[in-house]
Peer 1: 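For reference, the structure I am asking about is given below.
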Amino acid sequence: MAAAWVLAAAAALALWAAAAEGARSPAARVHRHLKRLNKPAVKSIESPDGDIIDCVHLSHQPAFDHPLLKNHTLQMRPAYHPEGLYDDDKRSVASDNAGEKPMLQLWHQKGRCPEGTVPIRRTKKDDLLRASSLRRYGRKRHTAAANPLSIDPNMLNEGGHQHAIAYVEGDKYYGAKATINVWEPKIQQPNEFSLSQLWILGGSFGEDLNSIEAGWQVSPDLYGDNNTRLFTYWTSDAYQATGCYNILCSGFIQINSEIAMGASIFPISNIAGSQYDISILIWKDPKEGNWWMQFGREYVLGYWPSFLFSYLADSASMVEWGGEVVNSEPDGTHTSTQMGSGRFPEEGFGKASYFKNIQVVDSSNQLKAPKGVGTYTEQSNCYDVQNGNNGDWGTYFYYGGPGKNSNCP
């Protein structure tokens, strides 16, 4: 009898050990991570590009996995929008004449999410397997933001990131807005990306940088294709341990049922053809202190709670607008990954990519034209930026380039 008991105990122990080993296996870790990211859906929609959009109940979204959001009272609308938000309506007539058309997301062709849910792009096993590690999935590399105040020549390709941006600094900023021309730049290597975005920045470019970012990106590593996608990003420690793209970690709280973070934007601009753009506004609600995001005129997407940040809990000290690429220097030469449309700024409308009507939100919650706009690029022979100002486009700039060329070896 005792021998049988010992054998049974040994068998149970072996089963427990096998289960424990299985739980530690890479496959089990991937499964757990997918379960954490993909919340139960009320409805699922298959997009023409192969994405699956899950309509997840508002209160079940990934944000609420954050320990400080367990008892959070969901804010369904900002207390205040910035003053002067629609003062540029008079410019829209000129924009319409320039051939610009309203934007949609590709998955809308197959359906919509019901009220009370948020659309979330489903993470697939292959998405995780492309990442350098599960821990780094959905995160930018350290030192991803452009530091236009650095004059260190060794910083030219620090971390492999290159930029062509316009920026303001030296004041307190409570938000920023831009209308961004949308393209589908070619990416040379799957581990590279090309994006066009605005950055709301606080702190130093060392270990404590706070950043809120939004725009469009092409990132084969993150999404598994070369589609142009709407994205957001945040970090409170210079891209080290906090923050992520879209809602791939807890932080950003989405309230909108129409627009999915990370979903494909459609349609896309063509060289010498129709031009399309998106409008993005990020601002700090002066009453609650949270940072809100609006896409286009109609879609208030959600907010980043102010407690996620240190410096940005108060205000931003710099705002940047423009393009960023990863240059992994394949074969020891500059990448041919394109920024913007892949054309240089001097080619102008219909060929070069643009940001127009760039604005900042001041301490009285007013949207205003930025003062003292600077421009910055690490290697202007690879990617460049040229700014200007006129009655229709307000403060604007053209930016981008082809990367590798005869002047950028």
Side-chain angles (χ1 to χ4, degrees), residues 15-47 49-72 74 105 107 110-140 190 217 219-225 227 229-236 239-257 259-264 301-305 308:
L15 280 171
W16 177 84
E21 188 58 39
R24 287 195 297 270
S25 73
R29 288 201 301 274
V30 166
H31 177 73
R32 276 201 309 277
H33 207 73
L34 284 172
K35 198 169 178 186
R36 190 158 61 243
L37 289 171
N38 297 323
K39 304 301 184 185
V42 172
K43 173 184 176 181
S44 295
I45 298 164
E46 189 161 351
S47 174
D49 60 2
D51 279 358
I52 296 179
I53 304 297
D54 288 326
C55 307
V56 174
H57 193 278
L58 268 168
S59 60
H60 297 159
Q61 63 182 295
F64 295 111
D65 290 343
H66 196 291
L68 294 177
L69 288 171
K70 292 299 182 193
N71 299 309
H72 181 74
L74 193 65
Q105 288 194 303
W107 65 275
K110 296 294 184 180
R112 300 283 176 134
C113 283
E115 283 293 317
T117 68
V118 294
I120 299 179
R121 179 184 180 269
R122 186 183 299 177
T123 300
K124 298 174 181 174
K125 183 179 171 184
D126 286 349
D127 295 331
L128 294 183
L129 296 179
R130 280 192 307 273
S132 59
S133 71
L134 284 184
R135 195 177 62 82
R136 294 302 306 167
Y137 173 65
R139 289 182 174 165
K140 281 189 181 184
Q217 68 179 160
S219 178
D221 242 13
L222 188 58
Y223 302 107
D225 59 28
N227 291 352
R229 296 169 176 276
L230 175 70
F231 83 95
T232 60
Y233 200 92
W234 71 274
T235 179
S236 61
Y239 307 95
Q240 294 177 94
T242 62
C244 60
Y245 281 112
N246 307 325
I247 42 182
L248 294 175
C249 64
S250 53
F252 183 81
I253 299 172
Q254 185 156 341
I255 60 163
N256 183 280
S257 64
I259 303 296
M261 302 292 194
S264 298
L301 298 192
Y303 58 96
W304 292 269
L308 295 172

Peer 1: Can you list the residues that meet the side-chain hydrogen bond (donor to acceptor under 3.5 Å, both in side chains) rule with H57, with sequence neighbours excluded?
Peer 2: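 Applying side-chain hydrogen bond (donor to acceptor under 3.5 Å, both in side chains) to H57 gives S59.
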Peer 1: Measuring from atom CD1 of I247 to atom CG of L37, what distance do you get when rounded to the nearest 0.5 angstrom?
Peer 2: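 Rounded to the nearest 0.5 Å, the CD1-CG separation comes to 9.5 Å.
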Peer 1: Can you find a pair of side-chain heavy atoms, one from Y137 and one from L222, that are under 4.5 Å apart?
Peer 2: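 Yes, close enough: below the 4.5 Å cut-off.
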Peer 1: D225: what forms a side-chain hydrogen bond (donor to acceptor under 3.5 Å, both in side chains) with it, not counting sequence neighbours?
Peer 2: N227, R229
Peer 1: Mind checking side-chain contact (heavy atoms from CB on, under 4.5 Å) for L129 and listing every partner two or more places apart, or none if nothing turns up?
Peer 2: V30, K125, D126
Peer 1: Provide the closest heavy-atom pair for G243 versus C249 in the form atom of the first, atom of the second, distance.
Peer 2: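 Scanning both residues completely, I find the closest heavy atoms to be C-SG, 3.7 Å.
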Peer 1: If you round to the nearest 0.5 Å, how far is CH2 of W107 from OG of S264?
Peer 2: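 S264 OG to W107 CH2: 12.0 Å, rounded to 0.5 Å.
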Peer 1: For the atom pair CD1 (I253) and CG (L74), what is the distance rounded to the nearest 0.5 Å?
Peer 2: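 It comes to 6.5 Å.
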Peer 1: Not counting sequence neighbours, which residues clear side-chain contact (heavy atoms from CB on, under 4.5 Å) with T242? List them please.
Peer 2: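 Testing T242 for side-chain contact (heavy atoms from CB on, under 4.5 Å), a comparison that skips the adjacent residues, returns W234, T235, S236, D237.
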Peer 1: Could you tell me which non-hydrogen atom of S257 sits nearest to which non-hydrogen atom of E115, and how far apart they are?
Peer 2: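 Heavy-atom minimum between the residues: OG-OE2, 3.7 Å.
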Peer 1: Going by heavy atoms in the side chains, are T232 and N246 under 4.5 Å from each other?
Peer 2: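 T232 vs N246: side chains touch.
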Peer 1: Return the set of residues passing salt bridge (Lys or Arg N to Asp or Glu O under 4.0 Å) with R139 (not counting sequence neighbours), or none when no residue passes.
Peer 2: none
Peer 1: Output yes when a side-chain donor or acceptor of R130 lies under 3.5 Å from a complementary backbone atom of D221, and no otherwise.
Peer 2: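 Checking the backbone N and O of D221 against the side chain of R130, a donor-acceptor pair under 3.5 Å is found.
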Peer 1: List for me each residue that meets ring pair (Phe, Tyr, Trp, His ring centres under 6.0 Å) alongside H66, sequence neighbours excluded, and say none if there are none.
Peer 2: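 Here the qualifying residues are F307.
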Peer 1: With no hydrogens and no angle check, is any side-chain donor or acceptor of Q254 less than 3.5 Å from a backbone partner on Q61?
Peer 2: no
Peer 1: Considering only residues two or more places apart or on different chains, which pairs with a residue in residues 242-257 satisfy salt bridge (Lys or Arg N to Asp or Glu O under 4.0 Å)?
Peer 2: none
Peer 1: For the residue pair P190 and P220, what are the closest heavy atoms and their distance?
Peer 2: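 For P190 and P220, the tightest heavy-atom pair comes out as O-CB, 3.7 Å.
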Peer 1: For the residue pair T117 and C55, what are the closest heavy atoms and their distance?
Peer 2: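 T117 and C55 have their closest heavy atoms at OG1-CB, 3.7 Å.
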Peer 1: Is there a side-chain contact between R29 and L134 (heavy atoms, below 4.5 Å)?
Peer 2: yes
Peer 1: How long is the straight-line distance from CG of L69 back to CG of L308, given to the nearest 0.5 Å?
Peer 2: 7.0 Å
Peer 1: Evaluate side chain to side chain contact (heavy atoms under 4.5 Å, CB included) for R36 paired with H33, printing each intermediate quantity in order.
Peer 2: CA-CA 5 Å; R36 190 158 61 243; H33 207 73; 2.7 Å; yes
Peer 1: Looking only at non-hydrogen atoms, find the nearest pair between L34 and T123 and report the distance.
Peer 2: CD2-O, 3.3 Å
Peer 1: For V42 versus P114, what's the shortest heavy-atom pair and its separation?
Peer 2: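 It is CG1-CG, 4.5 Å.
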Peer 1: CG of L301 to CG of L230: how many Å apart, nearest 0.5 Å?
Peer 2: 7.0 Å
Peer 1: List for me each residue that meets side-chain contact (heavy atoms from CB on, under 4.5 Å) alongside S44, sequence neighbours excluded, and say none if there are none.
Peer 2: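 Checked S44 against side-chain contact (heavy atoms from CB on, under 4.5 Å); matches are A41, I52, D54, R122.
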Peer 1: Excluding sequence neighbours, so at least two apart, what forms side-chain contact (heavy atoms from CB on, under 4.5 Å) with P62?
Peer 2: K39, I120
Peer 1: Hey, is NZ on K70 packed in by over 12 heavy atoms from elsewhere, all under 6.0 Å?
Peer 2: yes
Peer 1: Quick one: pull up NZ in K43 and SG in C113 and give me the separation to the nearest 0.5 Å.
Peer 2: 6.5 Å
Peer 1: Between D51 and Q105, is a side chain to side chain contact (heavy atoms under 4.5 Å, CB included) present by the stated rule, with each step listed?
Peer 2: CA-CA 11 Å; D51 279 358; Q105 288 194 303; over 6 Å; no
Peer 1: Suppose we screen for side-chain hydrogen bond (donor to acceptor under 3.5 Å, both in side chains). Which residues come up paired with W304, at least two apart in sequence or across chains?
Peer 2: none
Peer 1: Of all residues at least two apart in sequence or in a different chain, which pass the ring pair (Phe, Tyr, Trp, His ring centres under 6.0 Å) check with F231?
Peer 2: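 In terms of ring pair (Phe, Tyr, Trp, His ring centres under 6.0 Å), with neighbours along the sequence ignored, F231 is linked to Y245.
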Peer 1: Holding to ring pair (Phe, Tyr, Trp, His ring centres under 6.0 Å), I want the full list of residues that pass it with Y303, two or more places apart in sequence or in another chain.
Peer 2: H72, W292
